[in-house]
Enquirer: 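Handing you this structure, nothing more for now.
The basis for the numbers below is simple: all heavy atoms, side chains too, and nothing from hydrogens, waters or symmetry mates.
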Amino acid sequence: MKAVVCASLIAASIYSGGVAMAGTPEDNIKVVQDFFAAYGQNDLGRIAAVLDENVRWHIPGRHPLSGTLQGRDQVLAFFGQLALAGFRAEPIYFGADEKHVVDVHRGFSTVDGAVNVDTTWALIYRIENGKIVEATNLSADQDAANSFFWSQYKLAPVPNRLDD
């Protein structure tokens with residue numbers, strides 16, 4: 001009887017969305033690899049497919065794109081901006097457990113006449129039900145990243161920023 005009650009509670013919790021299903025480490029790495037493949041092709045539709053609707057994406061630094069992005073639309077807008085800035089990523093390493101993936105990659109740009117960046121980044125992803133629900137970026141050279149993003153994204157003049 002105890003097993004039936006326990007199974008019923010688990011089933012009810014899953015049905016109501018209360019429990020996140022853990023994937024295997026291999027499944028979770030595949031989610032992040034699919035993300036990288038889509039990112040490499042600037043395919044925002046395929047990026048969206050691996051993001052939870054309420055994803056949170058943490059961007060370190062003190063630059064126009066830094067901060068915590070909330071929701072799939074904000075994250076997709078961020079990746080659209082990275083594509084415009086010529087920023088690319090080449091995976092180096094993936095590691096995972098049932099809830100997290102860590103990737104290490106080379107993040108770089110080759111914009112003519114601009115401040116460019118070429119450094120190592122690490123991201124920690126939290127995966128639930130086969131979707132990225134949270135990601136935290138970590139840069140090996142945050143000063144270089146800040147310089148690059150400031151060179152690519154200028155703030156509007158003060159009067160325009162205050163119009164809202």
Side-chain angles (χ1 to χ4, degrees), residues 17 20-112 114-142 144-156 160-161 163-164:
M21 298 299 292
T24 67
E26 296 79 14
D27 289 342
N28 291 340
I29 287 174
K30 176 82 167 79
V31 170
V32 175
Q33 288 174 329
D34 289 348
F35 160 75
F36 265 96
Y39 173 74
Q41 296 173 354
N42 192 30
D43 187 335
L44 296 180
R46 284 181 41 219
I47 291 174
V50 298
L51 299 177
D52 183 80
E53 180 180 340
N54 299 308
V55 63
R56 292 174 41 91
W57 204 285
H58 309 283
I59 310 297
R62 297 197 180 275
H63 57 77
L65 298 184
S66 66
T68 297
L69 307 171
Q70 306 271 357
R72 187 182 294 140
D73 290 343
Q74 284 188 5
V75 173
L76 292 174
F78 169 77
F79 284 109
Q81 287 298 313
L82 284 184
L84 294 175
F87 188 84
R88 296 182 292 174
E90 294 176 349
I92 298 169
Y93 169 82
F94 296 103
D97 64 16
E98 289 76 16
K99 293 183 181 179
H100 296 93
V101 174
V102 173
D103 95 62
V104 176
H105 65 269
R106 174 184 176 224
F108 65 101
S109 63
T110 54
V111 178
D112 288 336
V115 174
N116 282 294
V117 65
D118 191 343
T119 193
T120 303
W121 299 78
L123 271 77
I124 303 165
Y125 304 85
R126 188 164 51 90
I127 311 292
E128 292 180 1
N129 301 319
K131 302 281 186 181
I132 299 169
V133 296
E134 187 169 20
T136 301
N137 272 293
L138 306 165
S139 175
D141 188 345
Q142 190 59 58
N146 290 340
S147 294
F148 167 72
F149 288 116
W150 274 113
S151 77
Q152 294 298 303
Y153 303 99
K154 304 293 185 203
L155 290 179
N160 295 344
R161 282 186 271 155
D163 283 344
D164 293 336

Enquirer: Just wondering, do L138 and L123 contact through their side chains at under 4.5 Å, heavy atoms?
Expert: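 When only atoms from C-beta onward are counted, L138 and L123 do not touch, as no gap falls below 4.5 Å.
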
Enquirer: Starting at CH2 of W121, measure out to CG of D141 and round the result to the nearest 0.5 Å.
Expert: 9.0 Å

Enquirer: Mind listing the closest non-hydrogen atom pair of S109 and N116 along with its distance?
Expert: OG-OD1, 2.7 Å

Enquirer: Side chains of I127 and V32: does their closest heavy-atom pair fall under 4.5 Å?
Expert: yes

Enquirer: Compare every heavy atom of A48 with every heavy atom of R72, then report the nearest pair and how far apart it is.
Expert: NE-O, 3.5 Å

Enquirer: Work out which heavy atom in N28 is nearest to a heavy atom in G23; give both atom names and the distance.
Expert: ND2-O, 3.7 Å

Enquirer: Enumerate donor-acceptor pairs with a distance under 3.5 Å from any side-chain N or O in residues 79-102 to protein atoms, sequence neighbours excluded.
Expert:
| residue | atom | partner | partner atom | Å |
| --- | --- | --- | --- | --- |
| E90 | OE1 | R106 | NH1 | 3.4 |
| D97 | OD1 | K99 | N | 2.8 |
| D97 | OD1 | H100 | N | 2.7 |

Enquirer: Can I get a per-line list of side-chain donor-acceptor pairs under 3.5 Å for residues 55-63, giving both atom names and the distance, sequence neighbours left out?
Expert:
| residue | atom | partner | partner atom | Å |
| --- | --- | --- | --- | --- |
| R56 | NH1 | Q70 | OE1 | 3.3 |
| H58 | ND1 | T68 | OG1 | 2.9 |
| H58 | NE2 | E134 | OE2 | 2.7 |
| H63 | ND1 | L65 | N | 3.1 |
| H63 | ND1 | S66 | N | 3.2 |
| H63 | NE2 | P60 | O | 3.1 |

Enquirer: Which heavy atom in A140 sits nearest to a heavy atom in T119, and how many Å separate them?
Expert: CB-OG1, 3.7 Å

Enquirer: Output all residues satisfying salt bridge (charged side-chain N to carboxylate O under 4.0 Å, His left out) with K30, sequence neighbours left out; order by chain, then residue number.
Expert: D34

Enquirer: Should the pair F36 and Y39 be assigned to parallel (<30°), tilted (30 to 60°) or perpendicular (>60°) ring geometry?
Expert: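 Because their plane-to-plane angle is over 60°, the rings of F36 and Y39 count as perpendicular.
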
Enquirer: Contact between V111 and Q152 at the side-chain level, heavy atoms closer than 4.5 Å - yes or no?
Expert: yes

Enquirer: Give the minimum heavy-atom separation between D103 and Y125, together with the two atoms involved.
Expert: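 Closest approach of D103 to Y125, heavy atoms only: OD2-OH, 2.6 Å.
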
Enquirer: Between atom CG of N137 and atom CD of Q142, what is the distance when rounded to the nearest 0.5 Å?
Expert: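 Between atom CG of N137 and atom CD of Q142 there are 9.0 Å.
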
Enquirer: Walk me through it: do I132 and V75 pass the test side chain to side chain contact (heavy atoms under 4.5 Å, CB included)?
Expert: CA-CA 11 Å; I132 299 169; V75 173; over 6 Å; no

Enquirer: Once you round to the nearest 0.5 Å, how far does CD1 of I47 lie from CG of N42?
Expert: 6.5 Å

